[in-house]
> 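This is the structure I want to talk about, given as structure tokens.
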Amino acid sequence: MGAAVDHVTPMGMSGGSAEGNDKSEGQRFSCKSKLTALVVDNGGVCRAIQTALLRSYGVETEAVETGEAAVELIASGATFSLIIIEMLLSFMNGPETAKQIRAMGAQSKILGITAFFDERDQQEFLAAGADNFIEKPLSPEIVIPIINELDN
Amino acid sequence: MERNQMRRQLALMRQSFFDQGFLDEQFIQLEELQDDANPNFVEEVVTLYYRDSSRLILNIDQALERNPLDFNKLDNYMHQFKGSSTSIGAKKVKAECTQFREYCKAGNSEGCMRTFQQLKKEYAILKRKLEAYFQQARQAGPLETACRSRIDGRGQIKKQDLTWQNIVIDKLFMFYTLENAAVVLALAAALYRRSSRSCTLLSCVAARLPRAAPARERGHVACSCAF
């Protein structure tokens, strides 16, 4: 025995130093109440990753490809705690989608997301009723505070 | 032994991707999303990325043949390309996307075409590296998944493995530090010596090392457990 073990941080320890500690904290995190989310993105990769991330925190998540599909879903009665909408969609764009969703009376938290941050896009999205606007990727640092907020 | 060596090589390969700037921490996010429910998540997403991107590249190539260039259309294509590249952590590809967009905004055709050639190069290099990586990972076998199968996606012992030993081990490892490593391991070993399941000990120890810990460390710990 007595093999030299370099610095190792066990997953159970919080507040410790070292790489990836935030990630292991993020891994244990889970939402308290029953939360639901909708991802609206025309890119399959982004849809897959954002959905997986939200689900890993216990959020029941669906994904659609277009703004039209999102509007239809909500019009049919589905409600979501959180809706993440990409700026540039294939047909109706992000802000227009947000506008229509708000017009239906949805109280969901709407997060606009984009590949290239642009102030004009941000203004457009916020004016349309989005609560926030961020650049990809969707990370734990962004999601966890939002989930905490929705939980309370 | 052969397997341990393969896994060591695999870890080195993986580390080189970060050191040489091909991948960034977003790739680690993908790895964190991989668990028993999604055992091949990373490879699946990367495969999806290359499938979707190849179509985008074709579209951009065709668009670059037009005269004059439709910068708006190019910008839209690049928007999606950058989005997905960012999401999988393709650092160099993402940088080229950003550069391309700068030239688009400036209406610089030359710049766009040059950058796109560079982008395709980086894209292809990363693709080769990742393909080799996944292939080797498959050969090296799912050792890590086996270790992590005791632990669910949230780092907690699964209900069915809640034996008293596992509960004690879990608590024990909260106090695991460099200094008391030997003591902790000895205690853990003593617990399992009774049930004479040293592989269980190994899997518990390995499961508690952060996933980012290089294979070298895992190897050291494994050696100290093997008796």
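Proteins get letters first, then strands, A, B, ... in listed order; numbering begins at 1 in each.
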> Which residues from residues 101-137 of chain A are near chain B, with near meaning under 4.5 Å between non-hydrogen atoms?
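Residues A/T114, A/A115, A/F116, A/E135, A/K136, A/P137 are the ones that qualify, each having a heavy atom under 4.5 Å from chain B.
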
> With rounding to the nearest 0.5 angstrom, report the CG to CG distance, B/L33 to A/L54.
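If I round to the nearest 0.5 Å, the distance is 10.0 Å.
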
> I'd like to check A/S139 versus B/Q29 (side-chain heavy atoms, cut-off strictly below 4.5 Å). Are they in contact?
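SC-SC contact between A/S139 and B/Q29 ruled out.
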
> Would one find more than 12 heavy atoms of other residues, nucleotides or ligands at under 6.0 Å from atom NZ of B/K91?
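No, the 6.0 Å shell around NZ holds no more than 12 heavy atoms from other groups.
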
> Can you list the residues of residues 76-83 of chain B that sit under 4.5 Å from chain A, counting heavy atoms only?
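Within residues 76-83 of chain B, the residues under 4.5 Å from chain A are B/N76, B/M78, B/H79, B/Q80, B/K82, B/G83.
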
> Is there any residue in residues 47-57 of chain B with a non-hydrogen atom under 4.5 Å from a non-hydrogen atom of chain A, and which ones are they?
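Near chain A, by residue number: B/L48, B/Y49, B/D52.
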
> Minimum heavy-atom separation for B/F41 and A/A52, please, with both atom names.
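The pair with the smallest heavy-atom distance is CZ-CB, 3.5 Å.
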
> Please flag which part of A/Q50 lies under 4.5 Å from any non-hydrogen atom of chain B: side chain, backbone, both or neither.
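Answer is neither: A/Q50 stays 4.5 Å or more from chain B.
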
> Got more than 12 heavy atoms from elsewhere within 6.0 Å of CD, B/Q20?
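Buried by this count: over 12 neighbours within 6.0 Å.
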
> Taking only heavy atoms into account, what residues of residues 38-45 of chain A are found under 4.5 Å from chain B?
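From residues 38-45 of chain A, the residues near chain B are A/N42, A/G43, A/G44, A/V45.
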
